Amino acid sequence: MSALAPNYKRKNLSFVKGKGSFLITANGKKYLDFVQGIAVNSLGHANKKLINAVNKQSKKLWHVSNAFNIPEGEKLAKRLAKRTFADSIIFQNSGAEATETAIKVARRYFYSIGKENKNRIICIKNSFHGRTLAAIHASGSKKMTQGFGPKIPGFDHFEFGDHKKLKKLINKNTAAIMIETIMGEGGVKVIPNWCIKEIRKLCTKKGILLILDEVQCGIGRSGKFFAFEYANVKPDIVPIAKGIGGGFPVGAVLMTKKLAKAMVPGTHGSTFGGNPLAMAVGNAVLDQIDKNLLMNVNKMSKYFINELNKIKIKYPKIIKDVRGVGLLIGLQLFKDQTEFIKKLMDNKLLTIRAAENVIRILPPLNVKKREINIALKIIGKVCNEIK
Ligand SMILES: *Cc1c(COP(=O)(O)O)cnc(C)c1O
C-alpha cells in the first residue's frame, strides 16, 4: 500500500523523463502530454533555457528570507509590471495562495481607508480558486467544502451568467468581485468579453474591486499575455501561478499602486515566496513569453479548434461542444468523459477532465503542428471506437 494519502485518484502510470510535448515511461513508452502538469509547463518539459536558469542560480543562491532584498524578484516584479496593468507584485508559491492574497489585498485596502466592513467578495458558484480553506469557500462548491468545518464567511455567489443576481448581491459591504477570466476546472467556460466589460463597469460604478483569477488562463495560455486583454479591461488585482513557473512552484498577485499602499510591512508574508531560485526560473519563463510564442499559441489554437470542430461534425452524437481560447481547449462530450480520456491515454495521448463532461486539452505554448496532428488522429480514432 502507498504511504501517500489517498486524496488523488491517480492513473497507474508514471514517468521518468519529459521532453517538450512528450513524457517517457521507465520502459521507454512515449506519451503526448497535452496536460503539461495542468497548464503549468508552459514551455513543455526540459526547456533548455529553464534548465540553464535553474542550474546557474542553484550554484549561486537558492533561498534567503524576505528580510533581505532579492534582486531576482525585484527584476521579475518590474518586468511583470511593465507588461501589465500592475504597479506592484507580491510573490507566492501557488495558485491558492495567490487567490487568498488577492482577497487579503482587497480587504486590507478598504480597511486602510477606514471601511473595514467592506470585506465581502462575490464569486461565481462552482468556480475554482484553489484548495485552501478560504479558497474552497470562495469557490462556492459543495463538493469541495463538504466536511471541512464551519463555512468561512465573507463570500457571496451568483450562477455563471446571472448578472441580475450579481447586481443584487452588491451592497455596501462588498469589497470585490473575483472571477476566473476563463473557468478552467469549471469546464473551460469562457466568460464573454461583453460580460467581463460589464462587470468591470459595474465594479467601477459601485466603487468595488475587480479580481481576475488568471492562475490557469494567464501568462500566454490564452494567446494574449492575460486573457482579460481580449475584453480590453483593466482589473485591480490579478492572481497568477501555474504558467509563470514553467514547472517550478511560483505564484504571485499583481495589483495597482493604490492597493499596494495598503500592504504595509507586516500585513503579509511568505517564507518561500519569491526566493532567488524561483525568481530566476520566473524570469527565464518570462524571457520566452514573447510575441513569437503568443503568435504560435494563436496559430496552433486556430488550427486545433478548427480541426476539432471537423471531428465534432463527423461525430455529432459524441462531441457536444469544442470550446476554449488559445491553448486552453475543452472538448465537451454528451456523456461522462472518463472512458474517452482512458482511451486517449491507451493511445498515448494525455488529457485531463474538467466539469460538465469536458476533456481539457492543454498543450505547451510552443507546441508544434505535427504534435497537434498526432493528437487529432488519436481523438478521431477514439471517437470511432466509442460510437
Ligand atoms: C489551479 C488554480 C488555482 C489553484 O492553484 P494551486 O497552485 O493548485 O493552489 C486557483 N485558481 C485557478 C483558476 C486555478 O486554475
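Heavy-atom basis, side chains included; hydrogens, waters and symmetry copies ignored. Position 1 is the first residue of the sequence; numbering continues from there. Counting starts at 1 for both ligands and their atoms, following the listed order. A quick note: this is a predicted structure, and the numbers were derived from the prediction, not measured.
A cation-pi geometry, defined here as NZ or CZ lying under 6.0 Å from the six-membered ring centre and within 45° of its normal, does not hold between Arg370 and Tyr303. Judged by the 6.0 Å and 45° rule, Lys234 forms no cation-pi pair with Phe85.
Salt bridge annotation for Lys381-Glu385: present, with a cationic side-chain nitrogen under 4.0 angstrom from a carboxylate oxygen.
Sorted by chain and number, the residues within 4.0 Å of ligand 1 by heavy atom are Ser94, Gly95, Ala96, Phe128, His129, Gly130, Glu180, Asp213, Val215, Gln216, Lys242.
Applying the salt bridge (charged side-chain N to carboxylate O under 4.0 Å, His left out) rule to pairs touching residues 210-224 yields nothing, sequence neighbours excluded.
Remark: Ile89 CD1 to Leu76 CG distance equals 7.5 Å, nearest 0.5 Å.
Side-chain contact of Asn47 with Gln288: a donor-acceptor pair under 3.5 Å is present, judged by distance alone.
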